[in-house]
Every structure is written in structure tokens, then in C-alpha cells.
Amino acid sequence: YLAQAAQRLGLSNLPGGPAYYQAWLDWNTTTHMTPRQIHDLGLAEVARIGAQMDASVAASGFKGKRQKFLTTDPQFFFTKPQDMLAGYRDIAKRADAALPALFAELPRQTYGIRAMPPEEGDNAERYMPGSQDGGRPGWFEANVNDLTTRPKWTMETLLLHEAVPGHHLQTARAQELKQLPAFRRYAWFVAFGEGWALYAESLGDEMGFYKDPYQKFGNLSFEMLRACRLVVDTGLHAFGWSREQAIDYMAANSGLTRADVTAEVDRYLVWPGQATAYKIGELKIKELRAKAKAQLGEHFDLRRFHNAVIDNGALPLSVLEQSIDEW
């Protein structure tokens with residue numbers, strides 16, 4: 001098998017590769033954006049977010065090697081799993097209290113916070129949906145298997161993304177929309193689901209989070225990761241980037257360790273287009289919010305806008321736009 005394997009990476013090197021990659025982009029983003037459009041959007045977002053990251057570091061008063069400090073200084077790490085879980089539960093309580101100001105109707109299903117099983121190793125934090133009958137809650141699973149790789153400044157962003165107002169809130173709300181057929185209540189589109197969760201991260205400022213400049217830096221670093229994905233995924237599969245070139249770009253811009261970005265790049269190589277959907281979905285929701293606010297003026301209600309976005313279940317972005325225009 002290895003003897004017959006391709007020696008060059010990226011779909012552009014395969015017969016019919018460009019059309020195949022475009023099909024993957026269409027499927028994952030639920031748009032018809034071209035690789036060039038996505039690549040250029042990523043470059044613009046990397047520049048914009050990078051300026052904010054620099055401002056966040058300046059606000060902290062820190063001067064020195066930023067990445068080494070943030071990933072090694074003991075003040076940023078827990079030493080006991082139960083302390084990290086308690087930290088997440090505190091963030092969750094504060095998030096729950098802020099939800100009524102952002103949503104006209106909330107799901108009834110509850111969620112909890114628990115440790116990820118040890119056999120999961122270094123897997124990323126995740127959300128496990130609850131059961132449709134309400135008998136099992138949703139779960140935010142925190143990885144406490146190696147606390148030296150889980151800095152505190154990522155925690156607020158992760159909770160908002162995976163639990164509320166991110167994946168749990170959207171998923172639980174969709175499950176409870178009994179007026180919709182089952183296939184719509186349990187549908188999944190990457191651009192909508194991950195776009196909503198990334199948008200949920202940005203709501204942290206309005207919810208009273210990110211007051212600590214390091215937490216704000218953590219929020220921006222996660223957004224920067226999603227912006228870099230637009231550049232690197234298209235670079236690898238449409239513009240002839242090498243694996244090493246992609247790793248170098250990610251390491252220089254994302255704030256992640258080289259080991260982390262290597263794993264990210266290998267993910268993009270074997271899962272073309274998927275990683276581009278997060279930022280495209282988030283930006284579409286922000287675009288629709290700005291459009292609705294401009295058209296409705298003083299009648300704009302953010303709480304009802306948010307329900308308008310999630311109360312049809314997961315949708316392709318073009319259908320979401322039509323739905324919000326009608327709303």
C-alpha cells in the first residue's frame with residue numbers, strides 16, 4: 001500500500017482534484033465560495049484578529065516571549081483535576097445567569113460538567129448531547145488527563161463554545177422543537193453548528209466574560225485558529241502549499257505549540273474543507289445580525305434574533321439567510 005501511495009499531499013495533485021475540493025467546500029460550508037475567496041477571507045481575518053491579540057497582550061502589561069509564558073507559567077495551570085472541574089462549573093453558573101438577556105426562549109434540557117475518561121488521552125474538550133426524551137442531560141467533558149496542556153486562559157471560551165450558549169443550547173433547543181420533523185431536529189451542518197458555537201464564543205464580551213486580559217487573549221487565540229484554517233486548508237488543497245509551509249504558518253500566527261499545529265495540519269490533509277466551515281458560519285451569523293439590526297432599527301431585539309437563528313434547527317447557510325430575511 002505504501003509503495004503505491006501518492007508522494008505529494010493536497011487534492012490539487014489528484015486527477016479531478018480541484019473539482020473534488022470545491023465539492024468538499026460546498027458540502028462543508030453550505031456555500032459556493034471558491035478556494036480563492038476563502039483563502040483571501042482568511043488572510044484578512046488573520047490580520048484583523050492579530051491586531052486584537054497584540055492589544056490584549058499590551059493590556060496585560062506583559063513583555064517577553066508570549067507563547068512560552070502563556071504555556072509554561074504555573075499561574076495558568078491547575079494541579080488537581082477537581083479544581084479544574086470546579087473552575088468550569090463556576091464559569092457555567094455565570095454563563096447560565098447571562099442567558100435570559102440573550103434569548104427569548106431557552107431549552108429545558110440541563111447539562112453537566114464531567115471529566116473526560118482517561119483512555120481518551122489528549123482529545124479536545126467536547127459536548128455530548130442529551131437524550132431526546134430528556135432522561136439524560138447533555139455533558140461538557142473537560143480533559144483533565146494532562147493538566148500541563150490545559151491552560152486556564154482557554155476555559156471561558158471552551159465552556160461558551162461547547163455548552164452554553166454554544167453546542168448544548170443550540171442542540172437542546174433543536175431537539176425540543178416538536179413542530180419540526182425529526183430529521184430537522186437532529187440535522188447537522190458543520191457551518192451552522194460550529195459557526196453557531198464560534199459565534200457563541202464572541203458573545204462572551206456581552207455576557208461579562210473576558211474581563212481578564214489573558215482570558216480575552218485565549219478567546220482571540222481560538223478565533224485566530226479558525227481564521228488560520230481558512231488560509232491553510234485552501235493553501236494545502238488548492239494552492240500547492242507543503243505540509244511544512246502550513247505548519248510554519250499556523251505556528252507563526254495561531255499562538256499554539258508546534259505539536260498542536262502539526263496535528264491540526266494533518267487533520268486538514270485528511271479531512272478537506274471541514275475546518276473552513278467554522279469561521280464562515282460564524283461570520284454569516286454576524287453578518288445577518290448586523291443586517292437585521294440595520295433594517296429593524298429600534299425594533300431590533302437581540303433575544304428574538306438569536307431564537308430566530310436557532311429555532312429552525314440546523315440549516316444550510318443559504319437557507320438560514322432566507323429564514324432571517326423573512327423574520
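Hydrophobic cluster membership for L177: L180 (Ile, Leu, Val, Met, Phe, Trp, Tyr linked by side-chain heavy atoms under 4.5 Å, directly or transitively). Membership of an apolar cluster is not assigned to F183, as no side-chain contact below 4.5 Å to another ILVMFWY residue is traced.
The closest donor-acceptor contact from the side chain of N28 to the backbone of A277 lies at 3.5 Å or more, if one exists at all. Remark: side-chain polar atoms of E105 are not paired, donor with acceptor, to backbone N or O of D311 under 3.5 angstrom. Using modelled atom types, no side-chain atom of E282 and backbone atom of F192 make a donor-acceptor pair closer than 3.5 Å. T171 places no side-chain N or O within 3.5 Å of a backbone atom of H168 that could act as its donor or acceptor partner. When atom types are taken as modelled, the side chain of N219 and the backbone of T157 share no donor-acceptor pair closer than 3.5 angstrom. Here the side chain of Q22 pairs a donor or acceptor atom with the backbone of M33 at under 3.5 angstrom. Looking only at distances, a side-chain donor or acceptor of R184 sits under 3.5 Å from a matching main-chain atom of N312. Here the side chain of N145 pairs a donor or acceptor atom with the backbone of G121 at under 3.5 angstrom. A donor-acceptor pair under 3.5 Å links the side-chain atoms of R303 to the main chain of P100, judged by distance alone. Put simply, the side chain of S56 gets close to the backbone of P213: a donor and an acceptor are under 3.5 Å apart.
W327 and F300 have perpendicular rings, their planes meeting at more than 60° on a 0 to 90° scale where under 30° would count as parallel. Ring orientation note: the planes of Y20 and W24 are nearly perpendicular, at an angle over 60° on the 30°/60° scale. Using cut-offs of 30° and 60° for the angle between ring planes, the F217 and W153 rings count as perpendicular. Classified by interplanar angle (parallel below 30°, tilted 30° to 60°, perpendicular above 60°), the ring pair H306/F103 is tilted.
Under the rule for a side-chain hydrogen bond (donor to acceptor under 3.5 Å, both in side chains), the partners of Q75 that lie at least two apart in sequence or sit in another chain are D73. Taking F209 as the reference, nothing meets the ring-ring contact (aromatic ring centres under 6.0 Å, His included) condition, with sequence neighbours excluded.
Taking a cutoff of 4.0 Å between a charged side-chain nitrogen and a carboxylate oxygen, D40 and R36 qualify as a salt bridge. For the pair R150 and E125, the salt-bridge criterion is met [side-chain N within less than 4.0 Å of a carboxylate O]. Looking at E287 and K293, no side-chain N of the basic residue comes within less than 4.0 Å of a carboxylate O on the acidic one, giving no salt bridge.
Side-chain heavy atoms closer than 4.5 Å link hydrophobic residues (I, L, V, M, F, W, Y) into clusters, and following such links, even through other members, never connects Y186 to L169. Linking Ile, Leu, Val, Met, Phe, Trp and Tyr whenever their side-chain heavy atoms come within less than 4.5 Å puts F239 and L236 in one cluster. Under the 4.5 Å side-chain heavy-atom criterion for grouping Ile, Leu, Val, Met, Phe, Trp and Tyr, L203 is connected to L320 within one hydrophobic cluster.
Counting only residues at least two apart or in different chains, salt bridge (charged side-chain N to carboxylate O under 4.0 Å, His left out) contacts with residues 6-31 are absent. Residue pairs meeting the salt bridge (charged side-chain N to carboxylate O under 4.0 Å, His left out) criterion with at least one partner in residues 213-223, sequence neighbours excluded, are R48-E223, D205-K216, E223-K279.
If you look at F140 and Y88, their ring centroids are closer than 6.0 Å.
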F69 and F76: CA distance, side-chain angles, deciding distance, ring-ring contact (aromatic ring centres under 6.0 Å, His included) verdict: CA-CA 9 Å; F69 173 64; F76 297 125; 5.2 Å; yes
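In the displayed structure, Q132 atom CD is contacted under 6.0 Å by at most 12 heavy atoms of other residues, nucleotides or ligands.
Judged by a 6.0 Å distance limit and a 45° cone about the ring axis, R229 is positioned over the six-membered ring of Y278.
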